[in-house]
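Residue numbers run from 1 in the order of the sequence given. The analysis underlying the following values was restricted to heavy atoms, covering all of them including side chains, and did not include hydrogens, waters or symmetry mates.
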Amino acid sequence: MRLAILSTIEGAAWGGTEEVWVQLARLALERGHEVMAAVDHRIAAAPPVQALAPLGLRLTRRRPWRPQRLYLLKESLWPEHRALAAFRPDLLVINAGSVLDPLQLPHLRRLCRALAVPQVLFCHFHSDLLAVPQRQLLREFLASMRHLVFVAEGNLHDLERTIAGPLPPSSVIPNQSRTRLSAPLPWPKAPPLRLACVARFEVLWKGQDLLLEALACPELLARPWQLDFYGSGRDERYLEELIHHFGLQERIQVKGFEPDLARIWNDHHLLALPSRGEGMPLVALEALMHGRPVLATAVGGVGEVVRDGQEGYIAESATVACLRRTLRRAFTDAASWPALGMEGHCRAKGFAAIDPPEKLLNLLASLSISRKTKS
């Protein structure tokens with residue numbers, strides 16, 4: 001099979017969505033398939049992508065120009081899809097952070113249209129909070145896909161509601177933790193209770209602002225806890241301002257990005273994930289794999305990973321009031337956290353046993369064979 005992968009991420013050096021296609025590409029190359037990836041030049045330079053070069057990964061890099069009209073002029077003269085077209089793929093996998101990415105990035109939509117091959121949309125995220133100004137265009141784009149793949153049932157159902165109708169043939173293939181451990185990490189010493197919020201600094205979706213306000217109440221401040229934010233992003237300064245606004249600078253630190261997950265979970269007891277929208281969060285699966293319970297909001301595929309009272313605590317919605325009630329319940333139940341972490345470790349190993357890259361590659365291979373049979 002000749003497999004082309006188009007990553008829609010732009011303006012960032014890496015993202016959780018890239019972990020998945022890299023795992024798929026590695027497995028496909030090891031099985032003897034040919035793979036070409038069309039990615040932003042920053043992604044192409046990332047070590048996980050560069051590590052696939054010795055296995056035979058072909059790369060085509062894009063450098064979007066601004067303003068857009070100059071980019072479109074450049075495309076008419078030197079189209080970026082030239083290398084993909086010359087590769088003659090059997091399938092194109094559109095690895096999308098959001099189902100709207102190809103619509104919001106016209107140059108990617110043009111690229112997809114230019115390739116007359118069956119296409120599979122791999123959707124890592126959808127939320128009913130996303131604005132859809134051109135609903136009919138979204139319906140038409142989805143209808144042009146040979147197959148849709150989602151990481152969470154919740155995203156699939158949200159998208160059906162968005163388009164007010166059924167989707168093309170679809171599959172749900174969940175994520176897995178990037179690390180596999182035979183046993184959870186030893187439980188950190190206490191007190192105080194140490195919480196970690198591991199997410200990009202983008203409050204619109206990750207909800208760190210809600211978490212800060214929820215914690216800033218006398219009842220919760222009377223508890224012995226500390227919170228560390230891990231990540232990077234455009235809202236880092238705003239988070240620091242909010243911490244000072246709520247008078248939490250003695251309780252909360254912004255640590256920045258930490259690639260070594262063990263360094264986080266050796267010292268923290270619980271993951272706080274107050275998101276307004278999610279796919280199937282890798283950070284939750286990784287916290288569970290390390291034996292740490294998760295406190296999160298009931299959005300996207302969170303509830304498919306974390307069951308309330310079994311691997312952690314679920315807030316019914318992404319609001320200050322719901323998070324505050326859930327934090328109060330979790331702190332009262334803190335003696336149960338080690339047991340919840342042990343249950344979570346088993347849960348994460350169960351997701352890893354599904355072997356998502358294998359399942360996805362098998363699906364794509366079957367679609368490729370079906371196409372060749374019909375032709």
Side-chain angles (χ1 to χ4, degrees), residues 14-27 30 46-48 51-52 124 151-152 172-190 193-200 226-231 255-273 275 278-296 300-314 330 333-361:
W14 197 248
T17 56
E18 309 313 284
E19 297 285 349
V20 179
W21 79 253
V22 165
Q23 292 175 12
L24 168 67
R26 176 177 292 279
L27 180 62
E30 290 173 346
L52 297 181
H124 291 266
V151 295
V172 175
I173 301 178
N175 286 332
Q176 64 176 349
S177 171
R178 289 174 294 176
T179 56
R180 295 196 187 192
L181 302 177
S182 58
L185 295 180
W187 192 251
K189 295 179 180 179
L193 298 173
R194 298 197 62 187
L195 285 61
C197 181
V198 186
R200 68 182 181 274
Q226 296 283 331
L227 169 64
D228 293 319
F229 284 112
Y230 289 92
K255 296 282 193 175
F257 177 69
E258 175 53 69
D260 187 347
L261 297 175
R263 292 188 65 179
I264 298 176
W265 297 119
N266 273 326
D267 297 326
H268 293 82
H269 301 89
L270 178 138
L271 170 69
L273 195 64
S275 308
E278 281 290 352
M280 177 165 282
L282 283 171
V283 291
L285 288 164
E286 289 161 354
L288 296 178
M289 179 63 75
H290 287 82
R292 304 298 179 257
V294 176
L295 186 150
V302 170
E304 298 163 43
V305 178
V306 182
R307 297 168 295 185
D308 190 72
Q310 296 187 59
E311 295 88 21
Y313 307 90
I314 298 295
D333 190 46
S336 300
W337 290 9
L340 296 179
M342 182 64 71
E343 187 70 24
H345 174 72
C346 296
R347 181 80 165 162
K349 290 207 297 187
F351 276 95
I354 295 172
D355 199 349
E358 175 84 26
K359 192 171 182 180
L360 179 56
L361 181 60

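- For Pro186 against Arg292, the heavy-atom pair with the smallest separation is O-NH2, 2.7 Å.
- Considering CG of Leu282 and OG1 of Thr17, their distance stands at 9.5 Å, rounded to 0.5 Å.
- Atom CG of Leu271 sits about 7.0 Å away from atom SG of Cys197, to the nearest 0.5 Å.
- Atom CD in Gln23 sits 8.0 Å away from atom CG in Asn175 (nearest 0.5 Å).
- Closest non-hydrogen pair, Val302 versus Ala296, comes out as CG1-CB, 3.6 Å.
- Under a 3.5 Å cut-off, the side chain of Arg180 and the backbone N or O of Ala352 do form a donor-acceptor pair.
- The shortest heavy-atom contact between Trp265 and Pro188 is O-CG, 4.1 Å.
- Atoms CG and CG, on Leu195 and Leu295 in that order, are 7.5 Å from each other to the nearest 0.5 Å.
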- After noting the C-alpha distance and the side-chain angles of Glu311 and Val305, does the key distance pass the side-chain contact (heavy atoms from CB on, under 4.5 Å) rule? CA-CA 8 Å; Glu311 295 88 21; Val305 178; over 6 Å; no
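- With rounding to the nearest 0.5 Å, the separation of CG in Asp228 from CZ in Arg194 is 5.0 Å.
- At least one side-chain heavy atom of His290 sits under 4.5 Å from a side-chain heavy atom of Leu181.
- Counting heavy atoms from C-beta on, the side chains of Pro174 and Ile354 come closer than 4.5 Å.
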In residues 334-346, what donor-acceptor pairs under 3.5 Å come from side-chain atoms, sequence neighbours left out?
{"unit_1": "Ser336", "atom_1": "OG", "unit_2": "Asp333", "atom_2": "OD1", "d": "2.9"}
{"unit_1": "Trp337", "atom_1": "NE1", "unit_2": "Tyr313", "atom_2": "OH", "d": "3.2"}
{"unit_1": "Trp337", "atom_1": "NE1", "unit_2": "Ala330", "atom_2": "O", "d": "3.1"}
{"unit_1": "His345", "atom_1": "ND1", "unit_2": "Met289", "atom_2": "O", "d": "2.7"}

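- Residues Val198 and Leu273 come closest through the heavy atom pair O-CD1, 4.2 Å.
- Applying the side chain to side chain contact (heavy atoms under 4.5 Å, CB included) test to Arg200 and every residue at least two apart in sequence or in another chain returns Glu202, Trp205, Lys206.
- Considering CZ of Arg347 and CZ of Arg307, their distance stands at 4.0 Å, rounded to 0.5 Å.
- Looking at every heavy atom in both residues, Pro293 comes nearest to Gly312 through CB-CA, 4.3 Å.
- Taking every heavy atom of both residues into account, Ala287 and Val294 meet most closely at CB-CG2, 4.1 Å.
- With sequence neighbours excluded, the residues forming a side chain to side chain contact (heavy atoms under 4.5 Å, CB included) with Glu258 are Tyr230, Asp260, Arg263, Ile264, listed by chain and number.
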